[in-house]
Number of protein chains: 2
Amino acid sequence: MESTSSKHAQRSQATRAALVTAARQLFAERGYAGVGTEEIVRAAGVTRGALYHQFRDKADLFDAAVQAVEAEVTQRIATQVLATAADPVQALQAGARAFLDIFAEPELERILLLDAPGVLGWQRWREIGADHGLGVITATLEAAIAAGALASQPVRPLAHLLLGALDEAALMVAHAEDPEATRAEMAAALERLLEGLLAPRGTETSDSAP
Amino acid sequence: MESTSSKHAQRSQATRAALVTAARQLFAERGYAGVGTEEIVRAAGVTRGALYHQFRDKADLFDAAVQAVEAEVTQRIATQVLATAADPVQALQAGARAFLDIFAEPELERILLLDAPGVLGWQRWREIGADHGLGVITATLEAAIAAGALASQPVRPLAHLLLGALDEAALMVAHAEDPEATRAEMAAALERLLEGLLAPRGTETSDSAP
DNA sequence: GCAGATTACGTGCAGGCTGTATGGACATCA
DNA sequence: TGATGTCCATACAGCCTGCACGTAATCTGC
């Protein structure tokens, strides 16, 4: 019985979806503090009563919007990378480039990189990311280690470092006067960083027991 | 003396300082949105009238607080690094460790890394950082290139990537269940990242212990 | 050293925004 | 069919920010 959708549940889900869609749009355009709940519900075609019935508070709605955007971004990156992923190393390089491409839209940057940490807190922010962007990076790094392209090492710390670098790179591109040139610059710098990391230093660590 | 400091200017500076000090403390403790102007002026021993005379709005006061904290952090890192800086490479490594040490205080993390980007916007945030943390990294990287320890390349992109990685590392340490262990983990990962970057390709890297 | 101008600050007010309490409409179930 | 719970609309209270206006202290020109 996939989705028992009683009429109540159906209606609930519809208004939830309408609210999240409207919130996504508006928060992305003008930031969390820049848009009030009244405007959101008007755009969604419901009232504030519905909002506070479906969500604990404004931040809870923002949380749902962030999840939706994260999921879509990860989806887009994954497909874009899978198209050119021969081996884990190329996947990392392609992933970095796709990341910069996608965050060219300044709306994503606003909601995911600028407001989310402050509104949701870092813990919750990365908790959401763990199911999406951070998870993809971690998996790819593990694949690279398994393939012998990367020295065996703890992947979680490295994944976070790379994600931090990627976030900053995306923000630079998004705010650059010449986004095209900056994107190329950042991609080159990222490539150098990854190359230094991936270069097997004389020894091929084939495998190690976990 | 050089500063004629009329009584007006003197008094202005005093209230400004009192406001910035109080704001720093409170914003660091409970975040930008979590503390109102009334509480700040009470802690500073002035009234809201004084605040809005000295600063354009609440965000402007926050800006001043961020500047103060940034300056102090950079100062602390600089002295801590200069104590052990033999060459640019060691300066980078020492700087990274000092960064993690100092951001162990969760209050710095709150005001500088979580709230600042959202409240001030990324442009203004990095504009402040350019005079402090980002500037130090850039200078050190240029020194490393001049010393031949790093391949000649654009430093600004690389400096941003490293700062992004450092910020994320600091946030991880600040929120870890076991900060000591996490700090060691992140320091190790950062060291690997820097080593791969600094190793000039072509010269055999003298062995590094597995 | 005094009158007017400027600076620094105190206070009351209006507008907006969030969260909650209350009531009604509709679906589900006995 | 009546009872009950879900979903939602609306009115209200509280808080907070920014501004207008008033006041006292300081500076300037004579």
Side-chain angles (χ1 to χ4, degrees), chain A residues 1 3-27 29-66 115-116 118-121, chain B residues 1-23 25-27 29-66 115-116 118-121:
Chain A
M1 43 194 278
S3 76
T4 59
S5 66
S6 69
K7 274 206 167 179
H8 266 155
Q10 217 170 358
R11 184 161 176 75
S12 265
Q13 195 182 342
T15 62
R16 268 188 81 93
L19 281 169
V20 170
T21 301
R24 247 183 78 161
Q25 175 85 12
L26 291 170
F27 282 148
E29 279 174 12
R30 306 208 306 278
Y32 178 77
V35 48
T37 54
E38 177 60 38
E39 189 175 1
I40 295 174
V41 298
R42 207 181 314 137
V46 299
T47 65
R48 282 169 33 83
L51 193 164
Y52 280 90
H53 178 74
Q54 297 286 347
F55 299 93
R56 200 179 333 110
D57 52 17
K58 187 184 172 188
D60 193 31
L61 171 60
F62 182 75
D63 187 299
V66 168
D115 280 342
V119 174
L120 304 178
Chain B
M1 292 300 252
E2 357 105 8
S3 68
T4 58
S5 67
S6 68
K7 275 205 166 178
H8 264 152
Q10 218 171 358
R11 185 160 176 75
S12 266
Q13 194 182 342
T15 62
R16 268 187 81 92
L19 281 168
V20 170
T21 301
Q25 175 86 11
L26 291 170
F27 283 148
E29 279 174 11
R30 308 206 304 279
Y32 177 77
V35 48
T37 55
E38 177 59 37
E39 190 176 359
I40 296 174
V41 299
R42 208 182 313 138
V46 299
T47 65
R48 283 169 31 82
L51 193 163
Y52 280 89
H53 177 73
Q54 296 288 345
F55 299 93
R56 200 178 334 109
D57 52 16
K58 189 184 171 187
D60 193 31
L61 171 60
F62 182 76
D63 187 299
V66 168
D115 280 343
V119 174
L120 304 179

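Taking 4.0 angstrom as the limit, B/T15 places a side-chain polar atom (N or O) nearer than this to OP1 or OP2 of C/dC9. When the side-chain nitrogen and oxygen atoms of B/Q54 are compared with OP1 and OP2 of C/dC9, one or more of them lie within a distance under 4.0 Å. For C/dC9, the OP1/OP2 oxygens have a side-chain nitrogen or oxygen of B/R11 closer than 4.0 Å. Look at B/H53 and you'll find a side-chain N or O under 4.0 angstrom from OP1 or OP2 of C/dA8.
Of the candidates D/dT17, C/dA27, C/dA8, C/dA27 carries the atom nearest the A/H8 side chain, counting heavy atoms from C-beta on. Of the listed nucleotides (D/dA9, C/dC9, C/dT20), D/dA9 has the atom at the smallest distance from the side chain of A/T47.
Counting to the nearest Å, the P atom of C/dT18 and the CG atom of A/D60 are 14 Å from each other. The nearest whole Å value for the distance from the CG atom in A/D57 to the P atom in D/dG14 is 20 Å. Atom CG in B/L61 sits about 11 Å away from atom P in D/dG18, given to the nearest Å.
In terms of polar N and O atoms assigned as donor or acceptor, the side chain of B/R48 comes within less than 3.5 Å of the base of D/dG18 in a complementary pairing.
Using a 4.0 Å cut-off between charged nitrogen and carboxylate oxygen, B/E39 and B/R30 count as a salt-bridge pair.
Residues B/T37 and A/A50 each lie close to DNA chain D; by heavy-atom proximity, the contact nearer the 5' end of the strand is made by A/A50.
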